[in-house]
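Here's the structure we're looking at; comments come further down.
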Amino acid sequence: MHLIFAKFRIKAEHVADFKTEIARHIGYTRQHEPGCIQFDIATDKDDPQVFYLVEIYRDDKALTDHRASPSLPIFRPKIEQWAEIREAKQGNVWAEIKT
């Protein structure tokens with residue numbers, strides 16, 4: 001499973017727009033990408049302009065499908081304008097740990 005962990009610091013004047021757009025993008029992904037196991041967002045407790053995204057995709061195909069999503073070309077240009085900071089990390093979820 002693939003993990004994407006992203007951090008955005010959004011310009012103050014675009015926070016409301018970002019919240020609307022990220023809700024749309026997450027909703028689209030959850031509804032149309034069955035290989036997306038998790039896609040959540042959190043706001044930093046100390047800075048309401050900082051947001052964290054956590055995305056988990058089942059396998060390589062699911063991540064490839066997400067990257068080809070028609071939602072991303074809508075989302076990305078807006079984030080390029082609205083974000084002061086954009087960081088993303090990728091990893092593999094450990095299958096060895098079970099609950």
Just so I know, are the side chains of [X] and [Y] near enough to count as touching, which here means a heavy-atom distance under 4.5 Å?
X: Tyr28; Y: Pro70; value: yes
X: Tyr52; Y: Glu87; value: no
X: Thr43; Y: Val50; value: no
X: Glu80; Y: Arg86; value: yes

Between Asp17 and Lys11, is there a side-chain N and carboxylate O pair less than 4.0 Å apart?
no
[atom1] of [X] to [atom2] of [Y]: how many Å apart, nearest 0.5 Å?
X: Thr29; Y: Tyr57; atom1: OG1; atom2: OH; answer: 5.0 Å
X: Arg24; Y: Ser71; atom1: CZ; atom2: OG; answer: 3.5 Å
X: Ile4; Y: His66; atom1: CD1; atom2: NE2; answer: 5.5 Å
X: Trp82; Y: Glu13; atom1: CH2; atom2: CD; answer: 11.0 Å
X: Gln90; Y: Glu55; atom1: CD; atom2: CD; answer: 9.0 Å
X: Ile85; Y: Arg9; atom1: CD1; atom2: CZ; answer: 6.5 Å

Q) Just checking, any donor-acceptor pair under 3.5 angstrom between side chains of Asp59 and His2? A)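 No, His2 and Asp59 have no side-chain donor paired with an acceptor closer than 3.5 Å.
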>> What verdict does the side chain to side chain contact (heavy atoms under 4.5 Å, CB included) test give for Phe39 and His25, after you've listed the backbone C-alpha separation in whole Å, the side-chain angles of each residue and the deciding distance to 0.1 Å?
In response: CA-CA 10 Å; Phe39 196 159; His25 180 59; 3.7 Å; yes
Can you hop from [X] to [Y] via hydrophobic side chains spaced under 4.5 Å?
X: Leu72; Y: Leu53; value: yes
X: Phe75; Y: Ile10; value: yes
X: Ile37; Y: Ile41; value: no
X: Ile26; Y: Ile74; value: no
X: Leu63; Y: Leu3; value: no

> So Arg58 and Asp65, salt bridge (Lys or Arg N to Asp or Glu O under 4.0 Å) or not? Walk me through it.
Replying inline: CA-CA 11 Å; Arg58 180 174 298 125; Asp65 290 348; over 6 Å; no
* Show the numbers, then the answer: is there a side chain to side chain contact (heavy atoms under 4.5 Å, CB included) between Ser69 and His32? => CA-CA 9 Å; Ser69 165; His32 297 285; over 6 Å; no
Item to complete: Can you sort out the partners of Phe18 under ring-ring contact (aromatic ring centres under 6.0 Å, His included), two or more places apart, ordered by chain and number?
Response: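 With neighbours one apart ignored, the set is Phe8, Phe51.
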Asp46 meets the side-chain hydrogen bond (donor to acceptor under 3.5 Å, both in side chains) criterion, sequence neighbours left out, with none
Those residues at least two apart in sequence (or on a different chain) that pass salt bridge (Lys or Arg N to Asp or Glu O under 4.0 Å) with Lys45 are none
Would you find more than 12 non-hydrogen atoms of other residues, nucleotides or ligands less than 6.0 Å from Arg30 atom CZ?
->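 Correct, the count exceeds 12.
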Query raised in the report: Taking it one step at a time, do Asn92 and Met1 satisfy side chain to side chain contact (heavy atoms under 4.5 Å, CB included)?
Result: CA-CA 6 Å; Asn92 293 311; Met1 289 188 287; over 6 Å; no
Item to complete: Indicate the atoms forming the closest heavy-atom contact of Gln49 with Ala12, along with that distance.
Response: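 Closest approach of Gln49 to Ala12: NE2-N, 3.0 Å.
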